[in-house]
Structure formats: structure tokens, C-alpha cells
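So the structure is just underneath, and the comments pick up after that.
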Amino acid sequence: MTLTIYNSLSRSKEPFETIDPGKVKMYVCGPTVYDSCHIGHARSIIVFDVIYRYLAFAGYDVTYVRNFTDIDDKIINRANEIGMPPAALAEKYIQEFYVDMDALNVLRPTEEPRATGHIGNIIRLIEKLVEKGIAYAAGGDVFFSVDLFDGYGKLSGRKLDDMEAGARVEIDTRKKNPFDFVLWKASKPGEPEWDSPWGKGRPGWHIECSAMSKDILGESLDIHGGGKDLIFPHHENEIAQSEAASGKTFVKYWVHNGFVNINHEKMSKSLGNFLMIKDILKTYHPEAVRLFLLSHHYRTPVDFSDEAVRNVAGGLDKIYTLLERVEKFLGQLPVTGADQYASLSGAAKDFWSQFTSAMNDDFNTAQGIGVLYDAVRNLNKLLDSCEKSDSGNPDDAENRRTVFNECLAILKIGNILGILSQPPNDYFARKKEAVLERQSVDAGLIEALIQERKDARKSKDFKKADEIRDRLKAMNIEIEDRPEGTVWKVMS
RNA sequence: GGCGGCAUAGCCAAGUGGUAAGGCAACGGCCUGCAAAGCCGCUAUUCUCCGGUUCAAAUCCGGAUGCCGCCUCCA
């Protein structure tokens, strides 16, 4: 089955055919680095991280570019507020961005250009537009003339005539059309500035992406992604600039992810309900955040609530519990590697093929996660029968092969989704640490209580044993009496 | 005013013409000293409502209601 992708431009799913066979040129709008990243950034970046992983897995040679907008009004304003040079502020948040992304197990793109590293290219692109008569200078600024680009509005479905000029933004009288947007902005005293044919200034937001994508990927891209809110005006303007300059189709597939709401409300400054990644990760395991975001189709809105994430975190525990079980059974977990796909057989192969079918249908990770849980249940069942010597396949070697295979399929699915990346012990240990720290509970105390309970059980004092168990439960600690001894876990 | 989206069980959520995935929660069973974990079973004759097309509709078309987003920096 071939990959189909929903294209915002045609508003329909289309078969994915790359410009150059076997190669994918993908550009995704990265953050403007003036503040910490919030859960909305996380969704966008995780969605495209999974798309990147999947395309690479599918055998494409993917060049993935994600930029940093490191010069912008917001950065300058914020820098002035706190009395910091704009460049230093940008650098600070770029470093913070990497901390968040590494924590979320996001792969580094092929290239991560910064706007300030492409000023020369940006100026050349603007010059080209001015030469073509599509852009015009006015008092140190340069504007793009939307009336002179025929396709303006084709991505967002807007017609210039239908839009309310000046409805929410003051009309600049120097503009020929109120919807003309700025390509180059004259600098005010004390602001970061670069020399240009129009005087000292800095680039407008939209032109940065057009210039950087062109420099690194060329005039035509396969995929351009970003949040839904970027469709207008940002991506509409990118199309206008790039296509006006090159005369070629800028992007084949426009991919946009939906928003994250918080308790049914949009994140906004006025509500003060921005959830920053670094704060969320204090409470939830990063893979739980990934699994939560990916359990909704990327184009639909997601409502973030503690209850919803906690439910998903429970599901992740379940999968790691299985991995722990497999590790015990096999001695070690299978290692994922591209060459091992061929070895998948039987049920493992079926699950894997169901997963890729889901992914081939416009990256339907929600459906794919359903397959993952099916595979988990199946493998648990198999281990149940393996552990009972009187039933199941008596051939131990055959059982081990099957367990290995099915576990490999699960890990491969996890690898595409960017989860199940840790040894189960580390996963549970990390959860334990987080909770113990939050509740200031001592692990030694827990061990002591478990030992005390063990003694009580040995002497058949079940009343006392149950009391200890209740006491641990009150501490959010759950215990399991396994054949090999009692283990404890933190409840999600 | 213009453009667009969504409505599926107690909750979350897939499913875009062939007879309702999955997760969480609840309940019954196996297992267990009792639990937990795991497994099995059970949980939507039905997909906001009203019409229409079709042998066949949650899926397509028309209408109604409700919720939401974009048009301003925004992932």
C-alpha cells in the first residue's frame, strides 16, 4: 500500500510522490526563540518527528530542515524588557529548546538554519522580487505586492476581496494594498540591523523561511509543515514570495497539525494557561506525553488534561511491564535494526503490516497505537501460555523465537513513534525517582516495609501483610507478588 | 462579515460506502492467602437531529442544532 498524505492545498488526501525519486525534501517551521516552548510546540515537533522517522524508515533519503527564527520583533521586545541583547536571548532559548527536544526523544533534523545566518540570501531574494517588480521599497521598508501574485490566497482559501482590510490591524498608508506584507524592515536605533540596498534593517518573518528553504533544499520542496495557524498569513506569504521569485511550484504537499487546548480552552496569554514542556515533564514521563499527543490524529485538536495524560501514562506502563516480562523470559530484549524487518514472521509480521497501513493513511498514529496495543495483548497471552508448562507450545526454542519476533514488532512500532526507547528498568526507576522526590518518600522505607510484609506473610499473618500493603498504597506505591519475589511500582 | 473544522459508549479515540479498532473506567471469570499484574468474557443493534441518494451510509448529498479555529504575533 502506498503512502497518502492530506494536502492542505488541495484539501484532500493524495498519493505521495516525491519530486526526485527516493528523496524527500521536508521543511518545517521551527520556533521563534523568545520564550520557552509549550505543549503546542511539542505537538508540532513530535508530529513531524514521527513523519520524519516514518519516511526514513520507508526508505526515503530525507533531508529534514527545521529553522530557528532568531531575529524578530518579539525577540527584540522581550530582550528590551529584560535588558538582554536580542542575540543572547535567542541563544538562551535555542539551548532551552534542545533540552526540551532531547527530553522528548525528538531526533535532530538534517539541518537547523537560523535566520540570522542567512541574511545575505534573504537580501538577494528580496532584490530579485524588487527587480521583478513584485516588491517595492517605501521609506526603508520593502513590501510584497499581493495584487501582483495571481495565486495569492490559494492555500488559505481566501480571496483578497473577501478579507476585511484593517479590521484588526492598522492600515499602513505606504502599502499599495493593505494586505501587502513586509519583506524588509528598517531598524530603529539600537535594534539589531544589517546593511541592505534599502538601508539598515532586518528581514520580515515570512521571507526568512522562503530564503532558508531555497538555500538548503532548492526552489521546490516535497513537504512543508507547521501548525494550522501558520496557513495564513505565514505560509500563504511564503508561497507568494517563493513562487513569484522562482516561477516554480514551491511546495508539493502542505502538512498542518492541529492545536493543543488546555481543559477545552485555547492556550492564550490572557488566560495565562500556557503549559510549558519543561513543566509538564516534571509530572509526566516524556514518552507518556508523546504517546498522548500521538494517540490523536495529527490534524484534529487535542485537549490536554491531567486525566487524559494520566490514562495514557497507564497504557505506557502496561507496555513497559510487558517489555520487562519479555526481558525476563528471553534474558534480554531484541535490538531494533533495519535489517531485522525481514525476520518478522507470523503474528509479528501481521501487526507490523497493520501498523504501516495505518501510517500510510496520512500518518494515522492513533490507529497505529491501536495496533500496538493489540500486539501487546497478543504477546502477553503468548507469555501466559509459555509460563504454564502444561499448555502452549512445548517447544521452548520455538516459543523463544515467537516471543522475540513479536517483541521486535512492538519495539519497531515504538521506534517509529519515538517511544519504548528505554530499558524497562530505567523507565520504572525514573518514575520511582520522580514520585519519591515529589512525595519525599524514602526508597529504603519502602524496601523495609516490603521485607516486613514478607515476614508477616511467611508466618501467615495476612492481616498485618495487608495493612502494610494498604500503607504503601497510600504512598502511591503498588506492589506485585511475583513468583520471583515482591516488586513495587509507582502508580500512574 | 469572509474562510475552515468538529459532533462515535461513562471518559479519551480510530474508522470517509460493505455491517462499529484501541485505551481508560466498571462488572464477571481464571490466577492469587487476599491482592496486583496478565489473560478470557462483558460493556454502542448504533455513530447530535431531520430528510435524501444507494442493494448497502457513522461514512456521500441537503437542512437543522451545538461546539471550535483562522482572518492579529502564534505550533
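All values derive from a computational prediction rather than experimental measurement. A note on names: the letters A, B, ... follow the listed sequences, proteins ahead of strands, and every chain is numbered from 1.
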Checking contacts here: which listed nucleotide (B/G4, B/G38, B/U16) is nearest the side-chain heavy atoms of A/D361?
B/U16
Give a yes/no answer on whether the side chain of A/N311 brings an N or O atom under 4.0 Å of OP1 or OP2 in B/C12.
no
Please state whether the phosphate of B/G15, meaning OP1 or OP2, lies under 4.0 angstrom from any side-chain nitrogen or oxygen of A/N364.
yes
Determine the interatomic distance between P on B/A58 and the same-named atom on B/C70; round to the nearest Å.
33 Å
Is there a side-chain polar atom (N or O) of A/R377 under 4.0 Å from OP1 or OP2 of B/C39?
no
Nucleotide B/C31, atom C1' - distance to CZ of A/R482 in whole Å:
15 Å
Write down the distance separating the C1' atoms in B/G51 and B/U45, rounded off to the nearest Å.
22 Å
Starting the side chain at C-beta, find the nucleotide from B/G33, B/A14, B/C70 nearest to A/T300.
B/A14
Of all the choices, B/G38, B/G33, B/G22, which nucleotide is nearest to the side chain of A/D384 once you look at every atom?
B/G38
Could you check A/H264 against A/C29 and say which one's nearest nucleotide on RNA chain B is further toward the 5' end?
A/H264
Which of B/C71, B/A75, B/G33 is nearest the side chain of A/M267? It is B/A75
Looking at A/Y6, I'd like to know if the NZ or CZ of A/R299 sits under 6.0 Å from its six-membered ring centre while staying within 45 degrees of the ring's axis.
yes
Given pairs defined as Watson-Crick or G-U wobble with both distances under 3.5 Å, what dot-bracket annotation applies to RNA chain B, with ( ) intrastrand, [ ] crossing, | other strand and . unpaired?
((((((((.[[[..)..(...]]]..((((.......))))......[[[[[..)....]]]]])))))))....
Can you confirm whether the side chains of A/S10 and A/E14 place a donor and an acceptor under 3.5 Å from each other?
yes
Atom-pair distance (CZ on A/F363; P on B/A14), nearest Å:
17 Å
Closest approach to the side chain of A/H296, judged atom by atom: which nucleotide of B/G22, B/C39, B/C12 is it?
B/C12
P spacing across the pair B/C47 / B/A20, given as an integer number of angstrom
12 Å
When you get a sec, tell me which of B/G38, B/A14, B/G22 is the closest nucleotide to the side chain of A/R325?
B/G38
Identify the residue among A/Y27, A/F363, A/Y64 that makes a ring-ring contact (aromatic ring centres under 6.0 Å, His included) with A/Y52.
A/Y64
To the nearest Å, give me how far apart NZ (A/K318) and P (B/G23) are.
5 Å
Interatomic distance where CG belongs to A/D303 and P belongs to B/G69 [whole Å]:
12 Å
Atom CD of A/E484 and atom P of B/A37: how far apart are they, to the nearest Å?
16 Å
Looking only at B/G4, B/A75, B/G38, the nucleotide nearest the A/N257 side chain is B/A75
Rounded distance in Å - OH (A/Y373) to P (B/C39):
12 Å
Please answer whether B/G33 and A/F462 are stacked, defined here as ring centres separated by less than 5.5 Å and planes angled under 30°.
yes
Carboxylate-amine/guanidinium contact A/K278 A/D100, below 4.0 Å
no
Please confirm whether the shortest side-chain N or O distance from A/K159 to OP1 or OP2 of B/C3 is below 4.0 Å.
no
Expressed as a whole number of Å, how far does the C1' atom of B/A56 sit from that of B/G17?
8 Å
P-based separation of B/U59 from B/C50 [nearest Å]
13 Å
Would you call A/E478 and A/R469 a salt bridge, using N to O less than 4.0 angstrom?
no
Just compare B/A75, B/A14, B/G22 and give me whichever is closest to any side-chain atom of A/D374.
B/G22
What's the shortest heavy-atom distance between A/L420 and A/L316, and which atoms?
CD2-CD1, 4.1 Å
Interatomic distance where OH belongs to A/Y298 and P belongs to B/G15 [whole Å]
11 Å
So, A/S44 and A/N257: side-chain donor and acceptor under 3.5 Å apart, yes or no?
yes
Which of the following nucleotides, B/A75, B/C70, B/C34, is nearest to the side chain of A/R457?
B/C34
Residue A/R453, side-chain atoms from C-beta onward, closest of B/G23, B/A75, B/C34:
B/C34
What nucleic acid atoms does A/L230 come within less than 4.0 Å of, heavy atoms only: base, sugar-phosphate, or nothing?
sugar-phosphate
Counting distance only, does the side-chain N/O of A/N7 pair as donor-acceptor with the main-chain N or O of A/L9 below 3.5 Å?
yes
Taking A/R325 first and then A/D384, would you say they form a salt bridge - that is, a charged N and a carboxylate O separated by under 4.0 Å?
yes
Please state how far atom CZ in A/F232 lies from atom C1' in B/G69, giving the value in whole angstrom units.
15 Å
Residue of the set A/T365, A/N364, A/D362 for which side chain to side chain donor-acceptor pair (under 3.5 Å) holds with A/Y298
A/D362
A/K266 side chain N/O closer than 4.0 Å to the phosphate oxygens (OP1, OP2) of B/C70?
yes
For B/C60 and B/G22, measure between their P atoms and round to the nearest Å.
23 Å
Is a donor-acceptor pair below 3.5 Å formed from side chain A/R469 to base B/C34, judging by atom type as modelled?
yes
Whole-angstrom distance between B/G10 and B/U43, as gauged at atom C1':
10 Å
Determine the interatomic distance between C1' on B/A35 and the same-named atom on B/C30; round to the nearest Å.
15 Å
Looking at A/D481 and B/C34, is any side-chain donor or acceptor paired with a base atom of the opposite kind under 3.5 Å?
yes
Closest nucleotide of RNA chain B for A/G227 versus for A/S295: which of these residues is on the 5' side?
A/S295
